[in-house]
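First up is the structure itself, then whatever we jot down about it.
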There are 2 protein chains.
Amino acid sequence: MKNYELILKEHSLKVTPQRLGMLSIIDYVGHITIEELFANIRKDFCSISIATLYKNINSMVEVKILKEIKISNSKSKYEILKNEHSHMVCKKCEKLEDLNLCLDITIENASKKSGYIFDENALVLFGICPECQR
Amino acid sequence: MKNYELILKEHSLKVTPQRLGMLSIIDYVGHITIEELFANIRKDFCSISIATLYKNINSMVEVKILKEIKISNSKSKYEILKNEHSHMVCKKCEKLEDLNLCLDITIENASKKSGYIFDENALVLFGICPECQR
DNA sequence: TTGCAAAACGATAATCTTTCTTGTTTATAT
DNA sequence: ATATAAACAAGAAAGATTATCGTTTTGCAA
Ligand SMILES: [Mn+2]
Ligand SMILES: [Mn+2]
Ligand SMILES: [Zn+2]
Ligand SMILES: [Zn+2]
């Protein structure tokens, strides 16, 4: 990821310093909650309004620049939308990480079993990360 | 499911008409949002407080009588906790259904790849149900 | 460049949603 | 039956999200 201006333009959203700042932070940290993002962006834009943040998050999710990740027992995190992938959450240190898995067979099975035609999935695995296992 | 009294006692929660009513509704409809449950239970307990509902939901989730299902782009639903299973959501009629899949191999792969030890997962598949395909 | 219209911004009010508080009632064990 | 702890209803409080509105900025075209 790099050229946030281009990304915004491609999705017919105007390029504003606030949006560029948001994207740059989200891209840098990978996954972030609303309140973390607000705290973070205030360092650069001390007068940014929480309403602006919500509105920008929502419009960027709508045009699929961003994606919301819902997680049991914690607040939603947002990430820059990239190729489909799953997530892992460590129950001890609470970090969230990407995980690239091939779910083709699983989804095919699901389709056979149910008759549904699937085009999207959300998988979150919970457990203990390698560091916290020691 | 049947004996809600026993279930509550087994989890050291007092048996109250409100709780029995909640469990009976949830069990009957399978999956339900807070507001649906509130609307529903008010038919039987016209004076039940929304605070009671929230507190009971929370304590029953805590002792694992209930489980929260987080779903992208919609409100959380609650169900009676049973053996682990996945969920399917139809993007057209918006219904949510259970789906029993074996994820053992997938999770084993994930473990090998990441070093995590997993003991819980949440999988939601999104697509079009058989009825809506016609 | 400059000027215009639409979109985005900040401030703040309004609207949910969820939790907390308090006085009263109820469930359960003795 | 009585005592005690838990649960209840009602409403206040807190937290999260959205709506409103006057001002500023952006993108585009003259
Ligand atoms: Mn991710
Ligand atoms: Mn289910
Ligand atoms: Zn960890
Ligand atoms: Zn359907």
Side-chain angles (χ1 to χ4, degrees), chain A residues 3-26 32-63 65-78, chain B residues 3-26 32-63 65-78:
Chain A
N3 197 335
Y4 312 117
E5 290 204 18
L6 186 60
I7 296 172
L8 285 168
K9 280 178 183 159
E10 281 172 351
H11 293 86
S12 340
L13 290 182
K14 289 191 173 175
V15 177
T16 68
Q18 292 86 346
R19 282 173 181 167
L20 292 175
M22 289 172 61
L23 284 171
S24 144
I25 292 170
I26 299 174
I32 198 166
T33 64
I34 294 270
E35 57 182 351
E36 284 164 354
L37 179 56
F38 189 57
N40 220 306
I41 198 160
R42 267 184 162 280
K43 293 173 191 163
D44 295 323
F45 298 86
C46 63
S47 73
I48 195 175
S49 164
I50 185 74
T52 298
L53 194 106
Y54 273 106
K55 279 201 304 160
N56 282 343
I57 287 274
N58 288 343
S59 36
M60 290 197 274
V61 166
E62 193 163 6
V63 302
I65 292 176
L66 297 182
K67 185 166 167 44
E68 178 182 8
I69 306 158
K70 293 214 179 185
I71 312 156
S72 300
N73 310 318
S74 43
K75 297 190 178 156
S76 287
K77 295 203 166 188
Y78 293 85
Chain B
N3 198 338
Y4 312 119
E5 288 204 19
L6 187 60
I7 296 172
L8 286 168
K9 279 179 183 158
E10 280 172 352
H11 293 86
S12 340
L13 289 181
K14 288 193 174 174
V15 176
T16 70
Q18 291 88 345
R19 283 174 180 167
L20 292 175
M22 289 172 62
L23 285 172
S24 143
I25 291 170
I26 299 174
I32 198 165
T33 64
I34 294 272
E35 56 182 350
E36 285 164 354
L37 178 56
F38 188 57
N40 220 306
I41 198 160
R42 267 186 161 281
K43 293 174 191 163
D44 294 321
F45 297 85
C46 62
S47 73
I48 195 175
S49 162
I50 186 73
T52 298
L53 195 107
Y54 274 104
K55 280 203 303 159
N56 282 343
I57 286 274
N58 288 344
S59 36
M60 291 197 272
V61 166
E62 194 163 3
V63 301
I65 292 176
L66 297 182
K67 185 167 166 42
E68 177 182 6
I69 307 158
K70 292 212 178 187
I71 312 157
S72 301
N73 311 316
S74 42
K75 298 193 176 153
S76 288
K77 296 202 167 187
Y78 294 84

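Order of the sequence lines sets the chain letters (A, B, ...), proteins ahead of strands, with each chain counted from 1.
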CG/A:N58 to OH/A:Y78 distance, rounded to the nearest 0.5 angstrom? 6.5 Å
Specify the separation, in whole Å, of atom CD1 of A:I48 and atom P of C:dA8. 14 Å
A:Y78 OH - D:dA16 P separation (whole Å): 13 Å
If every non-hydrogen atom of A:I48 is compared with every non-hydrogen atom of A:R42, which pair is closest and at what distance? O-NH2, 3.7 Å
At less than 4.0 Å, is any side-chain N or O atom of A:T52 found next to OP1 or OP2 of C:dG10? Yes or no. yes
List the atom of A:Q18, the atom of A:I41, and the distance in Å for their closest heavy-atom pair. O-CD1, 3.7 Å
Can you tell me how far CD1 of A:I65 sits from CD1 of A:I7, rounded to the nearest 0.5 angstrom? 7.0 Å
What closest approach, in Å, do B:R19 and B:K14 show between heavy atoms, and which atom pair accounts for it? NH1-O, 2.9 Å
Its contact letters, B for base, S for sugar-phosphate only and - for none at protein heavy atoms under 4.0 Å, make nucleotides 24-30 of chain C read ---BS--
Would you mind reading off the distance between B:N58 atom CG and D:dA6 atom P, rounded to a whole angstrom? 17 Å
Spacing between A:R42 atom CZ and C:dG10 atom P, to the nearest angstrom: 9 Å
How long is the straight-line distance from CD1 of A:I25 back to CD1 of A:I32, given to the nearest 0.5 Å? 6.5 Å
Distance check needed: C:dT17 P versus B:I57 CD1, whole Å only. 15 Å
Using Watson-Crick or G-U wobble pairs with both distances under 3.5 Å, give me DNA chain D in dot-bracket, 5' to 3', with [ ] for crossers and | for pairs to another strand. ||||||||||||||||||||||||||||||
To the nearest Å, how far apart are A:N56 CG and D:dT25 P? 16 Å
OP1 or OP2 of D:dT25 under 4.0 Å from side-chain N/O of A:Q18: no
To the nearest 0.5 Å, how far apart are CG in A:D44 and CE in A:M22? 12.5 Å
Could you state the NZ-P distance from B:K75 to D:dT18, rounded to the nearest angstrom? 11 Å
Residues pairing under salt bridge (charged side-chain N to carboxylate O under 4.0 Å, His left out) where one sits in residues 65-77 of chain B, two or more places apart or in two chains, turn out to be B:E35-B:K75
In whole angstrom, what separates B:H11's NE2 from D:dA7's P? 14 Å
Search all heavy atoms of B:L20 against all heavy atoms of B:Y4 and return the closest pair with its distance. CD2-CB, 3.6 Å
For C:dC20 and B:K55 - does any side-chain N or O of the residue sit under 4.0 Å from the phosphate oxygens OP1/OP2? no
Using heavy atoms to find the nearest nucleotide of DNA chain C for A:R19 and B:I50 separately, return the residue whose nucleotide is more 5′. A:R19
